[in-house]
Number of protein chains: 2
Amino acid sequence: MRAVPPPLSPGAAILAATVARRFYIDGSTKSEIADGMGLSRFKVARLLEQSVREGIVKFEIATPDSFNSELSEIVRKRFGLRRVVVIDVPDEERTPAGIRQAVGRGAAAVLSDLVSETDVLGIGWGRTLSAMSLELTEIARCLVVQMGGMVGSVAENSLELVRKISEVGGGQAYPLFVPLVVQDALTARSLAGQPGVAAAMKLFDSITVAAVAVGSWDPPDSQMMASLPVEEREALVGKGVAAEVLATLIKHDGTVLPDLQDRAMATGIDVLRGIPELVLIAGGESKAEAVHAVINAGLGTTLVTDNSLAELLRTM
Amino acid sequence: MRAVPPPLSPGAAILAATVARRFYIDGSTKSEIADGMGLSRFKVARLLEQSVREGIVKFEIATPDSFNSELSEIVRKRFGLRRVVVIDVPDEERTPAGIRQAVGRGAAAVLSDLVSETDVLGIGWGRTLSAMSLELTEIARCLVVQMGGMVGSVAENSLELVRKISEVGGGQAYPLFVPLVVQDALTARSLAGQPGVAAAMKLFDSITVAAVAVGSWDPPDSQMMASLPVEEREALVGKGVAAEVLATLIKHDGTVLPDLQDRAMATGIDVLRGIPELVLIAGGESKAEAVHAVINAGLGTTLVTDNSLAELLRTM
DNA sequence: CGAGTGCCCGCTCATTTGAGCGGCCTGTTT
DNA sequence: AAACAGGCCGCTCAAATGAGCGGGCACTCG
């Protein structure tokens with residue numbers, strides 16, 4: 001990729017520039033240009049190809065805010081996702097909280113124009129999602145369903161999140177007043193039978209758009225992991241857990257660990273896989289491995305992240 | 001035309017930027033993008049239109065040297081010409097000689113890639129054409145025909161021009177060893193019968209590409225005008241002559257004055273009109289009126305000029 | 001509440017464009 | 001001089017695209 005490939009004769013360059021201007025700036029069709037200039041339309045097409053190739057025309061995409069469209073597209077292609085939004089976080093803001101805020105803002109933007117009134121919006125939990133909810137200023141008046149029980153601090157758990165988001169849009173909220181992980185399968189089934197809980201869980205299969213965070217187990221960067229009993233946590237780490245999405249645990253190679261499944265009050269792997277638009281939200285280098293694992297598990301149609309994570313991901 | 005039209009929602013802007021990147025930079029088709037992103041191809045098309053309209057994508061045409069593609073296109077459209085090449089001349093070079101050199105270089109570039117071996121190249125005369133011949137480094141090996149007899153200084157008359165140009169390309173030259181304007185029609189006819197002269201003039205109808213300068217009579221900027229007897233010159237000026245192309249005189253309104261026709265050893269108006277590619281070459285503010293008149297007369301398919309003349313012309 | 005209005009969407013159909021092919025011309029090698 | 005390679009051109013045919021249309025939907029005003 002040289003900066004100035006072949007010099008190109010001055011006359012040819014003038015011709016190419018003229019054609020390029022007429023096509024890209026004036027919006028004439030190639031046939032029009034061809035007729036007007038006494039060339040064949042094939043010649044015009046070849047001149048345009050050449051202009052692009054030789055850098056006579058340059059396309060400049062004014063990326064709003066800190067959206068990094070180039071890196072986004074690289075990562076998108078690399079993993080075949082439907083959409084990737086990489087937010088550039090300047091070095092001076094590169095703290096865990098700063099990253100969460102930036103990614104949260106990006107996620108809010110994506111979500112607010114992804115969701116329409118007929119959607120059923122599923123919401124996970126996590127600090128980045130909390131940041132998102134603070135940045136969310138508008139969202140369609142749709143059903144908002146909590147996809148997993150409570151974990152983490154009071155201000156940041158799913159319940160609060162669902163409340164905030166449904167408040168912004170004015171749609172109905174379906175909260176889950178239960179813990180994310182309970183003691184045993186029996187308790188789980190029993191809780192699932194409760195009226196309010198059942199109402200939310202019945203909607204799981206109808207979720208059309210979901211926003212979930214990705215938690216990392218290795219390196220540890222997950223509130224859910226931190227809330228499990230030490231011995232259980234260690235046992236799971238021993239099995240090679242890399243990431244979590246809601247209560248679904250995923251190993252480095254992308255396989256799903258069934259361990260918590262029966263005891264989790266959350267959308268399981270099958271439900272997640274069936275969601276038409278699953279937005280993964282995670283930023284920071286520490287979560288790169290986790291995101292990689294989740295994508296390898298075939299989860300996620302859209303990824304919202306920051307440039308540090310994206311840079312790691314692109315080469316994975 | 002505001003710089004930043006409507007703010008556009010952040011999510012929509014991200015979407016638009018993503019689509020624009022994929023289309024313009026990656027070269028995907030709209031259908032591919034639509035499929036990949038779960039949109040209709042119409043939606044993608046509208047996003048792209050919007051991106052262009054709102055300035056999310058910008059096209060930058062790297063115009064070689066001092067070619068002003070924007071002004072060129074404006075003038076081209078204004079007069080419906082096939083091609084216009086405006087050369088930007090920086091203020092510090094804006095002397096008559098500086099303009100001639102710049103325009104000459106532009107004309108050389110245009111000509112050398114306009115002309116192919118099968119063409120018959122007609123050459124007028126004038127100081128700008130002389131400048132062109134000095135800048136000409138390559139041209140197809142084609143027949144080079146002198147379109148008008150001699151006038152002006154020895155170094156700059158048609159004869160010398162034709163010699164130089166045919167020398168560069170190696171094609172055969174058809175010079176005209178006669179004055180441009182003779183005393184009377186009888187002399188003209190007699191000269192036209194001479195072997196060498198007849199050979200060149202027989203080719204007039206075969207000329208496929210011609211490069212001619214435009215001379216101005218009002219204000220006076222023409223070597224041919226200067227070479228006529230004072231009383232004749234004044235009589236013609238009195239008739240409203242504005243411009244000359246070879247020995248064809250044209251009034252401000254674009255009508256052709258037949259006065260010199262019978263006595264001129266040069267391509268007449270009918271021949272000029274029949275030339276498939278007639279390149280008009282002229283620079284400098286003083287020639288703006290003249291060029292305007294010539295174009296109004298329906299002469300010229302291509303114009304090579306400088307920015308000062310073009311700026312005047314665009315509003316005429 | 002209902003008609004009117006503006007907007008967004010995706011359809012159809014005609015036009016524009018791209019991919020690939022073979023012909024022709026040029027310059028070079030045998 | 002013949003044969004060949006490479007490059008450029010414009011063709012055909014299929015795919016991509018644009019123009020314009022009407023349906024549906026939200027919002028507004030009577």
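Computed from heavy atoms alone, side chains included, the values below leave out hydrogens, waters and symmetry copies. We name chains A, B, ... by the order of the sequence lines, and we start the count at 1 in each one.
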Inset, instruction - Please state how far atom CG in A/L47 lies from atom C1' in D/dG10, giving the value in whole angstrom units. - result: 14 Å

Legend entry - Heavy-atom side-chain contact between B/V52 and B/Y24 under 4.5 Å: yes

Legend entry - Nearest-Å distance for atom pair CZ/C1', residues B/R41 and C/dC13: 11 Å

Inset, instruction - Take the protein atom CG of B/L48 and the nucleotide atom C1' of D/dT17, then report the distance between them rounded to whole Å. - result: 11 Å

Legend entry - Integer-rounded Å distance: C/dA19 C1' and B/E32 CD: 14 Å

Legend entry - 4.5 Å side-chain heavy-atom contact, B/V145 and B/I123: no

Legend entry - Whole-Å gap separating P (C/dT17) and CG (A/D35): 11 Å

Legend entry - Closest listed nucleotide, where the reference is the side chain of A/T29 and the choices are D/dC13, D/dT17, C/dT16: C/dT16

Legend entry - Counterpart residues, side chain to side chain donor-acceptor pair (under 3.5 Å), relative to A/T301 (two or more places apart): A/E277

Inset, instruction - Starting at CH2 of B/W125, measure out to CG of B/L161 and round the result to the nearest 0.5 Å. - result: 10.5 Å

Legend entry - Whole angstrom value for the distance that separates P of C/dG18 from CD of A/E49: 7 Å

Inset, instruction - Give a yes or no answer on whether the side chain of A/T208 reaches the backbone of A/V120 with a donor-acceptor pair at less than 3.5 Å. - result: yes

With a 3.5 Å cut-off and sequence neighbours excluded, list the donor-acceptor pairs that the side chains of residues 35-49 of chain B form with protein atoms.
{"from": "B/S40", "atom 1": "OG", "to": "B/F42", "atom 2": "N", "distance (Å)": "3.3"}
{"from": "B/S40", "atom 1": "OG", "to": "B/K43", "atom 2": "N", "distance (Å)": "3.0"}

Using a cut-off of under 3.5 Å, enumerate the N/O to N/O pairs linking the protein to nucleotides 6-11 of chain C.
{"from": "C/dC9", "atom 1": "OP1", "to": "B/K43", "atom 2": "NZ", "distance (Å)": "3.3"}
{"from": "C/dG10", "atom 1": "OP2", "to": "B/S40", "atom 2": "OG", "distance (Å)": "2.8"}
{"from": "C/dG10", "atom 1": "N7", "to": "B/R46", "atom 2": "NH1", "distance (Å)": "3.0"}
{"from": "C/dG10", "atom 1": "N7", "to": "B/R46", "atom 2": "NH2", "distance (Å)": "3.2"}
{"from": "C/dG10", "atom 1": "O6", "to": "B/R46", "atom 2": "NH2", "distance (Å)": "2.4"}

Inset, instruction - Report yes if a side-chain nitrogen or oxygen of A/S31 is closer than 4.0 Å to either non-bridging phosphate oxygen (OP1 or OP2) of C/dT17; otherwise report no. - result: yes

Inset, instruction - Using whole Å, report how far NZ of A/K30 lies from C1' of D/dG10. - result: 15 Å

